[in-house]
Amino acid sequence: MTKKTLKKEYQPGGAKRHVILDKAIAYLKDPKFGLQGDKRNFLMEELGLSDSEYLTVLHKATTGIDVWEIN
């Protein structure tokens, strides 16, 4: 079985990366997708989120606050 890759625009630095990050927030908030560790593994290993991206979406999923909006 071959591993699928994201289209270039959805990869880090791509014009539509924000779409992946927004969906990751919803994914983390939804309990039907399993345990937090499984979600982390999927987001980082399958979707290629960096440590920084993962921590940012996790923070927004748990607090509702975008860390880049904090002054």
*Asks:* Quick one: CG on Leu43 to CD1 on Ile20, what's the gap to the nearest 0.5 Å?
*Replies:* 9.5 Å

*Asks:* Among residues at least two apart in sequence or on other chains, which ones pass side chain to side chain contact (heavy atoms under 4.5 Å, CB included) with Ala26?
*Replies:* none

*Asks:* Sequence neighbours left out, what pairs pass side-chain hydrogen bond (donor to acceptor under 3.5 Å, both in side chains) with at least one residue falling in residues 34-44?
*Replies:* Gln36-Tyr54

*Asks:* Nearest heavy-atom pair of Leu47 and Leu6: which atoms, and what distance?
*Replies:* O-CD1, 3.5 Å

*Asks:* Where is the tightest heavy-atom contact between His59 and Ile65, given as atom of each residue plus distance?
*Replies:* ND1-O, 3.1 Å

*Asks:* Looking at every heavy atom in both Pro12 and Gly48, which two are closest together, and how far apart are they?
*Replies:* CG-O, 4.3 Å

*Asks:* For residues Ala61 and Leu28, report the shortest heavy-atom separation together with the two atoms involved.
*Replies:* CB-CB, 3.9 Å

*Asks:* Suppose the criterion is side-chain hydrogen bond (donor to acceptor under 3.5 Å, both in side chains): which pairs have a residue in residues 9-34, not counting sequence neighbours?
*Replies:* Arg17-Glu53

*Asks:* Do Ile25 and Leu58 have side-chain heavy atoms sitting under 4.5 Å apart?
*Replies:* no

